[in-house]
Number of protein chains: 2
Amino acid sequence: MRRPRGRPAQGTGVTRDAILTTALTLLDESESGGKGLSMRALANRLGVTPMSLYHHVEDYAGLLRALSDTVYADVLKDIEAGLACHEEVREILIRYHAAVRRHPQLTLAIFATPAAFAGVTREITDRLTGLLQTMTTEPLLWRDILIDHAHGSGLPVARDDDAPAAPPPDDHDYRRALDCLLSALGPRRQ
Amino acid sequence: MRRPRGRPAQGTGVTRDAILTTALTLLDESESGGKGLSMRALANRLGVTPMSLYHHVEDYAGLLRALSDTVYADVLKDIEAGLACHEEVREILIRYHAAVRRHPQLTLAIFATPAAFAGVTREITDRLTGLLQTMTTEPLLWRDILIDHAHGSGLPVARDDDAPAAPPPDDHDYRRALDCLLSALGPRRQ
DNA sequence: ACCTGAACACCGTTCAAGT
DNA sequence: ACCTGAACACCGTTCAAGT
């Protein structure tokens, strides 16, 4: 009952930007499969009531959609003009993988919240599909293979025989695997 | 206050088997990214107090581990003897993908609960690694690619341009993609 | 327009108490 | 050994009430 009931005098409220920034921080701080972010914990961190968040985002799924739109915003942006299809696919996937790897808990949260899938991610898959159509007779097959691999390779699933919390492969390892896949997709006998 | 306080007279309690079976049912019924299963909902469905479950499973992560052990139990079982490496890898992955596809919500729940990863799944990855060592100079790379693809292809992520809840590709589609990958891994120029 | 408290229907898990 | 109710510290979201 510290704070008054109605609207505060000055701009003591939250911004949409502040919400998104703090939400991403909460997500990045946790290691619990996307469970680190909750509306209540987020409001708490912002020094605000949970309900005030609903004036800036639609709901929890909407919050995740907004987050993914900002995190993946640069994937398709300013791609060098006149690139060969092969190189453009490579560039997009390297950027996408880097974004997944930077915020793996966001990707896991989206996995757990089907309604959060939309926006930029759809544009990325569409762009990849278009490019792959000129490169292989099975564009949808390879688009799925490449995206699945970018996800799996960017997410912290314990899979190696070493430490249970082994970090995902770094960018260099991803590039190596990606080139492996792209050269398989490209010209090959049979 | 209907039921008496102490231990019931007869075997009105729950079995570990009943717990696992009902848990899998709850998971399969839901479409919410592995959120359909909770200790409380499970106890409710079994007509029992939430706390009674803790006498049969360690906790929520332990429940998921037990579930994955039963769901993936048959993946390595009774593999035909004298199979070529190539064929054995193919058989294991087809079975693994089928299990993921049968209970996608379990896989999503495990993704969201890192502590749930263990047991049979580790045996499967180890077996695959061993086989791939005789097939390629990059066994770990290809093991990850193949498992990531089995996951992605078995999970209901909205990714296609069609219906948002489009079903994952069926077994035939997976086999086609898998053969695509395996022939890329196999002998190829350069 | 924006924030509030109270409420509803949920969570996982601990703990002492029963038989 | 196994189940219980009560409790603690959480969830997302609705709703009427404030300014």
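Proteins get letters first, then strands, A, B, ... in listed order; numbering begins at 1 in each.
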Determine the interplanar angle of the A:F111 and B:F111 rings, folded into 0 to 90°, and report it as parallel if under 30°, tilted if 30 to 60°, perpendicular if over 60°. parallel
Please report the distance separating the C1' of D:dC8 from the corresponding atom of C:dC11, rounded so that it comes out in whole Å. 12 Å
What I want to check is whether the side chains of A:H151 and A:T107 have a donor and an acceptor closer together than 3.5 Å. no
How long is the line joining CE of A:M51 and C1' of D:dA17, in whole Å? 14 Å
Output yes when A:E29 and A:R45 qualify as a salt bridge under the 4.0 Å nitrogen-oxygen rule, no when they do not. yes
Which nucleotide, if any, forms a Watson-Crick or G-U wobble pair with C:dT19, using both distances under 3.5 Å? D:dA1
Has A:S52 got a side-chain N or O lying under 4.0 Å from the OP1 or OP2 atom of C:dC2? no
Separation of C:dA1 P from A:R16 CZ (nearest whole Å): 17 Å
Short side-chain N/O contact from B:S38 to OP1 or OP2 of C:dC11, under 4.0 Å: yes
Output the rounded distance in Å from CG (B:L53) to P (C:dC11). 12 Å
5' precedence on DNA chain C between B:Y54 and A:R40 (nearest-nucleotide basis): A:R40
Atom-pair distance (CE on A:M39; P on D:dC10), nearest Å: 18 Å
For C:dG12, the Watson-Crick or wobble counterpart (both distances under 3.5 Å): D:dC8
Atom NE2 of B:H55 to atom C1' of C:dT19: distance rounded to whole Å? 13 Å
Pair A:R90 + A:D179: basic N to acidic O under 4.0 Å: yes
For atom CG of B:N44 and atom P of C:dA9, their distance in whole Å: 14 Å
Phosphate contact (C:dA1 OP1 or OP2) by A:H56 side-chain N/O below 4.0 Å: no
Are B:E123 and B:R127 within salt-bridge range, i.e. N to O under 4.0 Å? no
Interatomic distance at C1', C:dA16 relative to D:dC3, whole Å: 13 Å
How many Å lie between NZ on B:K35 and C1' on D:dT13, as a whole number? 14 Å
For B:L63 and C:dG12, give me the distance from atom CG to atom P, rounded to whole Å. 10 Å
Are any of B:T49's side-chain N or O atoms less than 4.0 Å away from OP1 or OP2 of D:dC3? no
